[in-house]
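Throughout, protein chains are lettered first and strands after them, A, B, ... in sequence-line order, and every chain is numbered starting at 1. Computed from a predicted model, the values in this text were never measured in an experiment.
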Amino acid sequence: MTEKMKRKRTAERKTAAAGRICRRAIWICLKAIQIFFAVFMVSPLFFLVTGSIMGEAELSEYLSPVFTGQEGYACWRLIPLYPTLKNVVEVLFDSPEFFHMFWNTMKLTAGIILGQTFLAVPAAWGLARYSFFGKKAIYQMYLLLMMMPFQVMMLSEYLVLEGMGLNNTLWAVILPGVFSTFSVFLMYRFFLEVPEEILEAARVDGAGEMRMFLLVGLPLGRTGIVSALLLQFLECFSMIEQPIAFLKDKTLYPLSLYLPEIAMGQTGFAFCASLIALLPPLFLFLAGSDNLARGIAAGAVKL
Amino acid sequence: MNKFWAKAFVILLAVMLFFTVVSRAADSFLVAQVSVEPFTAKKIEHIVSAVASAEKGLEFPVMTEAGLLVRTVYVQEGEFVEAGTVLAEVDPEQLAETERDLRDEIRALQLQNEAAEQNQAAAREEKEKQKKRTQEDYERAQKKQEEALRRGEEELQQAEDAIDSFSAGGAEGMTQEEAETKKAELWQAYFEKKQALEDTEETMEEAVTAAARALEDASETGTADNSAEINALSIAQKEESLKAYEKLEEEGGKIMAETAGTVTGVLVQTGQKTTDTAAFTMTSTEGGARLSAEISKEDARYVEVGDAVTVEKSGTKYEDFSVTGIKQTEGGAAELTITSEEHAESFPMGESAEITVTKQSEVYNTAVPLAAVHTEQNSTYVYVAEQKSTVLGKQYFTRKVEVKILEKNSSYAALEDGVLNSENLIVTDSDTYLQAGDRVRLRQQ
Amino acid sequence: MNGKNMTRLISLLLCLVLMTAGLGGCKKTSPSTGETNGATELLAEEGGTGGKGRFLETELPLPENIRRLYDTALLENGTIALFLWNDKENIYQIQETADEGESWKVRDIDLEAATEIFAGYIDTAAISADGTVGILSKNDDRLLLGLILPDGSVEKRELTLPDMENQEQDYALNITGSAFDAEGSLLIENLNSHFYKVDLTTGNCELLQDLEEKYIRHFGVAGNKVLAVAEGEAVLFDSTTGELLEEETVLNDMLAADSSLSETVSDSGKPLVFAGENGGEVIFYVNHQGLFCHTPGGSVSEQLINGSLTSMGDTTVSFLDLVMVDEEHFLLTAVGSQGEAKLLKYSYDKDAPSVPETELKVYALEDSSFLRQVISAYQKEHQDVYVNLQIGLSGDDGMTAEDAVRALNTDILAGSGPDVLILDGLPAEKYIEKGMLADISPVIEEIAGKDGIFENVRQAYDSDGAIYQFPARFYVSLVNGEEEAVEAGSSLKKLADFMTGKKTAGESKIFPMRSAENLLEKLYAADSAAWMESDGKLTEEAVKEYLSCAKQIYDAEPTESEDVYYSYGGMASDTIGTLDATGVALKTSKLNYGTIVSMTEFTTVYSMKSQYGIDYELADRETVKSFVPCQLAGISSQTEKSGEAEEFLQALLGAECGAYSFSGFPVNRTAYEEVVEDAANRYDEYSQGGIAVSTDEGDFFEMTFENPTPEELDKITGILESAEKPACMDRVIKEIVLEQGEKALKGDMTVEEAVSEIMKKCSLYLAE
Amino acid sequence: MKKKYTGYLFVLPHFSGVCLFLLLPFLDVVRRAFVRTAGGFCGFENFKLVLTNEAFRLAAGNTVKFTLVCLPLLLLLSLLLAVLVYSTGKAAGILKNCYLVPMAVPAACVALLWKLLFDSHGLVNGVAASLGGTPVDWMNTGSAFGVLVGSYLWKNTGYVMVLWIAALDGIPQTVYEAAEIDGAGRAAAFFYITLPCIRPAAFTIAVFSFLNSFKVFREAYLVAGNYPQESIYLLQHVFNNWFLSLSVDKMVAGAVLLALVAGAAVWALQRTLERQ
């Protein structure tokens with residue numbers, strides 16, 4: 001009996017151990033897949049970094065098949081043979097226009113983000129939490145407007161902006177950006193998830209609508225807000241069509257137009273400039289990424 | 001994590017701000033700095049310079065008396081001599097001898113002259129007498145003529161009166177016939193008298209003329225004898241020679257240069273006698289300086305007769321030269337002749353000097369410094385700095401403008417009008433090699 | 001908790017960013033925006049204020065033969081006096097008028113007394129209110145002041161500067177400016193920026209101000225205030241005491257904002273001039289933006305005259321003097337772009353409507369000096385029209401042709417499009433198809449009647465009697481080289497066979513080419529005219545023949561490594577007159593192929609012929625003789641200013657513009673004859689040119705340029721006249737062909753593949 | 001109810017802006033769809049023109065094909081990853097951050113990399129050649145479509161995954177615990193709990209992905225220009241080219257069609273995914 005029991009227990013233990021090992025293996029497997037994907041995703045960064053510290057000669061040696069159409073294939077090195085900071089120096093010290101355009105981008109970004117914070121967030125909240133006449137129509141309209149490609153809207157938008165005398169000012173890019181319907185849509189979706197009970201509870205506590213929005217809506221919809229604003233931030237950093245269409249004065253051009261300009265010929269420089277241009281959105285992204293996941297769950301659990 | 005990245009973002013912004021400033025500062029050092037100026041209306045100055053050498057000036061002879069024995073010649077051809085320099089010396093004894101001979105000759109001539117003078121005085125007296133006589137004859141003839149004339153006129157008057165009285169009443173008592181006859185007689189008489197008067201007049205005239213001629217003949221001097229005067233001249237001449245000899249003797253037989261100049265020819269030789277032609281030839285300083293220079297055909301285009309020339313010799317500048325001749329020479333070059341009325345002493349023959357002719361063209365509207373003009377194959381162009389708006393605001397960029405040169409000198413070029421306008425800033429100088437489209441910074445002037 | 005902090009941090013950050021944005025960025029939004037827009041804005045402002053009352057400009061007659069105008073003054077008795085250099089008589093003159101220029105009277109000057117003064121170098125002179133002219137003459141190391149009194153008598157003073165030892169001696173005696181102040185004292189400034197007051201009776205100078213550390217560009221006297229313009233700064237001081245006055249920030253800002261204002265000052269004018277009233281209580285100044293009135297200490301300058309409505313706005317004009325007659329009248333002397341002096345009078349007319357002038361918008365994708373000259377010529381003829389040249393691609397920025405076209409289309413569709421379009425690089429066919437271009441045949445007709453025009457070109461652009469676009473210039477492709485090669489150049493096929501023949505004969509160095517692209521471009525110019533069918537489709541056979549011939553040629557010539565050619569620098573590579581031309585003479589190539597874009601190039605070609613026996617002929621496909629048009633012009637059908645636009649077109653195609661450009665031959669016959677004439681007499685014994693090249697192998701080649709003979713000029717004219725069809729100028733098609741063609745030549749794909757790719761893409765394009 | 005008006009108060013400021021900056025232009029676009037470029041009402045002629053236009057049909061086909069291939073792929077792939085990341089623990093922070101990187105890379109930079117990798121002489125071919133494979137001219141053959149899809153997936157997977165995780169986070173842990181007690185297996189839990197719970201999120205994500213599929217055009221344009229390989233010739237290319245050739249009439253008609261189709265698709269999605 002005891003023997004039997006013992007054996008059984010051992011067997012159990014064995015299967016348990018085997019299961020654990022098995023699970024462990026699977027876990028490692030899954031992890032490995034993830035890591036593989038992650039590496040795949042960041043590989044461009046690796047290109048940018050190595051490219052940035054590669055001399056122009058080395059780069060052209062590796063890449064000349066691509067750019068001049070010579071025989072052979074392009075190749076790359078994990079670590080440059082002759083690392084140099086020349087590109088970095090060139091970007092940082094010799095390219096005032098890079099910085100000028102960077103600050104232009106920051107101005108645009110700040111304008112759009114602030115505008116959305118003060119206008120789009122309440123709008124999304126209003127659409128999500130209140131029912132009123134025309135709400136459905138507005139929502140559908142927002143959806144429809146989201147679908148229009150910029151190329152199509154450009155001319156008409158240009159005419160409107162022209163009418164308001166905004167063309168060739170940063171506002172011509174900022175204002176349409178502020179009223180991007182996609183952000184509202186995204187935040188709206190997240191606000192929808194906020195459980196009605198919490199609001200009812202707050203209402204019972206005698207909170208005003210504004211208070212409720214600020215104290216309940218904002219924290220609970222944080223994920224949506226942050227993800228929408230982060231996306232918008234990214235969008236600002238890669239806007240190309242709008243500035244070209246609405247800005248004639250080159251002193252107003254944002255950084256996103258600088259990169260296409262330098263792309264061919266000065267590869268190392270382009271790499272380095274891209275790398276630096278990529279940092280601000282990346283940093284903000286990373287800073288906000290935790291918020292993306294937690295939001296609703298955290299809020300829901302609390303109550 | 002969150003905070004970390006947020007901080008990183010802030011730091012990034014700060015870093016960006018820092019480099020914004022730094023890169024702007026660095027940028028201003030790296031862009032090509034250029035000097036610009038708009039074109040100006042200008043005369044294009046052509047400076048033709050060459051090395052010239054002094055030529056022979058005006059020559060003159062140094063004479064000395066002929067027939068002197070040259071004992072020593074002190075100068076050579078080409079030597080520059082001051083006034084008073086001894087050129088040569090003659091033999092003093094021979095000089096003294098020549099002098100003595102000369103004096104004797106003069107004495108002989110003087111004696112000859114005295115004799116001739118006495119003969120002449122006698123001849124003059126005789127002549128005077130003859131003249132007097134003829135004069136008297138002439139006066140007499142004249143008187144006679146006057147008398148005869150007076151008489152003739154009286155008779156004619158009487159005849160005339162007779163006719164008058166007859167006509168007035170003398171015919172009374174006479175027959176027609178008689179009266180007619182009488183009247184005819186009277187007229188006959190009148191005409192005879194008149195004829196007689198005319199005849200007398202003629203004969204008397206002849207007589208007077210003959211007398212006048214005789215008088216004329218008599219007043220003429222007899223045959224001229226000039227030998228005395230010739231002798232006198234000859235004496236004077238010889239005395240002058242003598243004086244020259246005496247002077248030469250006084251100076252110890254030395255032939256000296258009267259003015260400063262360069263000896264260009266020595267025509268006497270030691271041991272030979274001087275001739276009556278020049279002993280030496282010299283160029284004097286009086287004729288001024290004369291230089292000649294060879295210039296290229298290119299340069300010759302710009303030089304004209306009459307242009308002022310600056311001549312520079314060992315640091316000294318002479319401004320009062322001018323071009324007096326331009327002559328084509330073989331091989332396409334040209335020879336300039338430049339003269340001045342002074343400075344001969346500074347430019348003895350063969351002396352070389354730098355000359356410069358500065359010639360201004362007409363005024364061109366569009367002139368730019370030559371340094372601004374670039375040539376590539378057969379296109380000529382200038383760079384113009386133009387503002388363009390860039391990301392960083394307005395900045396200057398170069399633009400190539402093709403131009404046509406009308407005229408140029410070593411520092412300016414005149415361009416055809418119309419291609420540039422007065423607003424264009426033309427790049428005249430750059431600290432780096434420029435290409436069209438380069439960004440540049442205008443240099444602070 | 002973390003999250004909360006995060007939110008705060010972010011919002012704080014954003015606030016910061018916004019502040020920078022607010023401070024920096026949004027300020028930028030108001031002031032003027034780029035060269036061309038500045039003017040339009042001003043016009044808009046003017047239109048906005050609406051009302052009536054404006055200063056009107058009249059140009060008063062000036063005496064003739066003014067080479068340089070030294071000073072202008074309004075005398076106490078109301079006459080206007082000028083001191084000038086008359087370049088016809090070569091003398092300095094004082095001319096006066098009492099009737100606003102109707103009649104000018106020369107003041108009798110005691111020339112004998114003035115000899116010494118006029119013999120010196122005169123850079124500046126000033127006229128006082130009583131008519132005394134003070135002339136500063138530098139004669140060697142002496143500085144003389146000549147005073148010409150109203151009665152013409154002359155007095156001389158020798159000036160000595162009190163502080164010679166304290167400054168750069170070389171410049172001290174260079175007096176750059178002079179002016180009388182309200183009290184009649186003469187102020188002078190030398191090159192070292194020292195200001196002196198001159199005692200007119202003794203010639204003593206008193207140092208008033210030393211502004212050597214600021215580089216003073218020029219100065220003006222307004223009443224008793226001296227305004228000296230330095231870089232980005234205006235220095236004001238009192239003319240009697242020399243005491244520095246408070247800085248005028250308004251003036252400083254204005255100077256700093258427009259760097260051109262403090263830039264170069266030349267003999268021919270200044271960018272900014274002044275006048276004053278009430279002893280300098282009010283300062284008036286003129287720049288290209290207009291006439292402004294500034295009260296010292298005031299915070300703004302008031303604009304009295306909008307520059308863009310008068311000749312002030314013409315940036316080719318520079319100013320000499322501003323004279324205030326009274327509050328409603330001003331006189332301005334200025335120098336035009338050709339150095340001609342102008343006397344302008346501005347009088348206030350309270351009834352004149354403040355109507356803006358007509359603005360003619362001219363658009364070109366790329367800038368060209370040709371266009372700029374046409375514009376300035378046109379502008380001179382039509383002073384009431386403001387030509388706004390808009391350039392799509394300014395060059396150094398990353399703007400692509402497409403971006404530019406997009407912006408242009410936006411403008412056109414927004415109704416603010418240009419009036420005149422230079423269609424080079426623009427989708428002209430599409431514009432015509434959409435009815436965006438007006439029929440310009442009447443203009444062409446008129447020019448054809450007046451000056452004559454290349455009929456072959458006209459016919460090429462004539463579509464059923466209407467002409468929508470017309471080139472101002474055009475050129476053709478030539479081939480030159482050995483007889484055999486020239487013969488082969490008449491058709492691509494022959495050329496290709498010739499090349500292959502030479503190659504099999506073991507010869508190399510036949511066709512000079514820098515790269516596959518270069519070759520394709522050369523052949524494209526000559527061949528593409530034959531590709532388009534009348535229904536607007538691309539002929540596949542034609543493209544195929546082009547590409548296969550190009551391939552054959554490319555393969556026959558072992559192209560030197562492309563790097564080698566880079567060392568030649570940025571030389572135009574597909575024209576015939578370039579260095580490649582020497583190859584034939586140097587025996588490094590058998591022929592040369594390329595476009596001939598000017599008579600200058602023809603001179604090269606001709607000289608090759610006459611000195612080396614290298615003949616030339618039109619390079620072409622046998623069936624179609626083609627030319628390459630450039631400066632294609634059209635008028636927008638939407639324009640409201642068709643009259644002005646047509647006049648502009650007349651100027652563009654006119655006879656005067658023949659010599660303006662070195663790219664392309666003028667279509668205008670009269671202009672062409674002029675070019676021919678010029679080429680026939682270009683070189684003489686005094687002006688010569690030539691090429692000398694030595695190769696690495698030590699071969700030496702030298703050639704002097706010769707004037708083409710009339711026969712040869714007739715031949716080239718004949719060639720130009722024979723071309724009947726324009727090359728395919730569609731940018732998209734050309735790009736596609738060149739891109740795919742290059743791949744085919746380099747062997748990345750077969751010719752067939754490339755052709756099919758080209759056909760696919762082009763038919764997509766044509767189908768759109 | 002006062003709630004009614006509060007709703008307006010929240011929405012109105014933004015809505016008025018939208019009206020001005022988006023709706024107004026949109027209406028103008030619709031108007032233009034019935035008008036010729038040079039002016040003049042023309043009814044449905046533009047639509048007819050567009051629908052019979054070969055280029056448009058090709059592009060529309062490509063776009064539909066692209067959307068149909070990409071969307072499911074992206075949603076599945078990212079969901080898979082999300083579940084993986086979610087199930088392997090919340091400490092996956094760093095990994096998750098890695099997934100977000102592609103989103104932040106500017107389009108121009110992506111285009112540059114794209115060129116380096118997929119040029120006929122590019123790195124990918126280089127690697128392929130060294131491994132004995134046959135090089136492919138990626139951008140000039142049908143494989144361009146694959147490249148486009150790949151780059152879309154690469155760029156968006158990370159972000160979409162994060163959105164999925166957020167949705168997964170929102171499912172109360174208690175539900176799973178209850179299911180476990182009921183003896184449901186992992187797979188069952190996934191299909192019967194997880195999937196239904198994240199269905200509303202799926203709609204959001206699908207719309208987001210759909211919109212982002214438009215943005216691929218930027219890269220395609222930067223790499224291959226206006227006339228890329230046929231298979232990646234998208235609607236935006238057509239619109240863009242039409243604008244360049246002033247065929248605004250066709251462009252807006254095409255766009256209105258696009259808006260209709262897209263709107264209908266979104267509406268259908270909404271119906272299927274939001275129905276609880």
Side-chain angles (χ1 to χ4, degrees), chain A residues 88-107 109-110 113 168 222 226 230 233 237 243-244 247-262 269 272-273 275-294, chain B residues 1-34 36 383-400 423 425 430-444:
Chain A
V88 184
V89 168
E90 208 173 307
V91 173
L92 292 183
F93 292 95
D94 294 349
S95 319
E97 61 277 10
F98 176 83
F99 292 97
H100 184 89
M101 291 168 102
F102 173 80
W103 291 113
N104 278 343
T105 300
M106 288 311 288
K107 285 170 198 163
T109 312
I113 298 290
N168 211 6
R222 201 169 61 216
V226 171
L230 278 181
F233 193 91
F237 263 75
I244 286 188
L247 302 177
K248 270 186 185 145
D249 188 351
K250 293 188 190 82
T251 51
L252 297 176
Y253 276 10
L255 193 56
S256 39
L257 293 183
Y258 183 66
L259 297 173
E261 245 177 71
I262 55 168
F269 184 75
C272 191
L275 186 64
I276 296 174
L278 176 152
L279 292 179
L282 188 66
F283 283 9
L284 264 198
F285 230 100
L286 296 177
S289 70
D290 284 6
N291 271 44
L292 289 181
R294 274 185 211 156
Chain B
M1 201 58 172
N2 266 338
K3 266 191 179 164
F4 172 77
W5 289 113
K7 264 187 202 159
F9 181 72
V10 175
I11 291 169
L12 184 73
L13 289 190
V15 170
M16 293 300 273
L17 192 63
F18 171 72
F19 280 111
T20 307
V21 176
V22 169
S23 65
R24 270 181 189 258
D27 181 62
S28 56
F29 286 105
L30 292 173
V31 174
Q33 285 203 34
V34 297
V36 294
Y383 285 119
V384 168
E386 278 185 344
Q387 271 193 337
K388 273 190 196 167
S389 55
T390 66
V391 169
L392 291 176
K394 290 185 178 175
Q395 292 183 319
Y396 282 96
F397 290 89
T398 55
R399 180 164 70 90
K400 209 184 219 182
E423 155 203 35
L425 298 174
S430 164
D431 55 1
T432 50
Y433 174 72
L434 280 185
Q435 281 191 312
D438 281 354
R439 187 154 78 82
V440 294
R441 223 151 54 91
L442 304 192
R443 192 171 288 158
Q444 308 290 314

**Request:** Enter the distance from Leu12(B):CG to Leu284(A):CG here, rounded to the nearest 0.5 Å.
**Result:** 9.5 Å

**Message:** Please give me the minimum heavy-atom distance between Thr20(B) and Trp103(A), naming the atom from each residue.
**Reply:** OG1-NE1, 2.8 Å

**Prompt:** When rounded to the nearest 0.5 angstrom, what distance separates CG in Leu279(A) from CE in Met16(B)?
**Reply:** 8.0 Å

**Request:** List the steps and the verdict of side chain to side chain contact (heavy atoms under 4.5 Å, CB included) for Leu13(B) and Phe102(A).
**Result:** CA-CA 10 Å; Leu13(B) 289 190; Phe102(A) 173 80; 3.9 Å; yes

**Prompt:** With Ser23(B), which residues qualify under side-chain hydrogen bond (donor to acceptor under 3.5 Å, both in side chains), at least two apart?
**Reply:** none

**Request:** Please flag which part of Leu282(A) lies under 4.5 Å from any non-hydrogen atom of chain B: side chain, backbone, both or neither.
**Result:** neither

**Asked** What closest approach, in Å, do Phe9(B) and Met106(A) show between heavy atoms, and which atom pair accounts for it?
**Response** CZ-CE, 4.1 Å

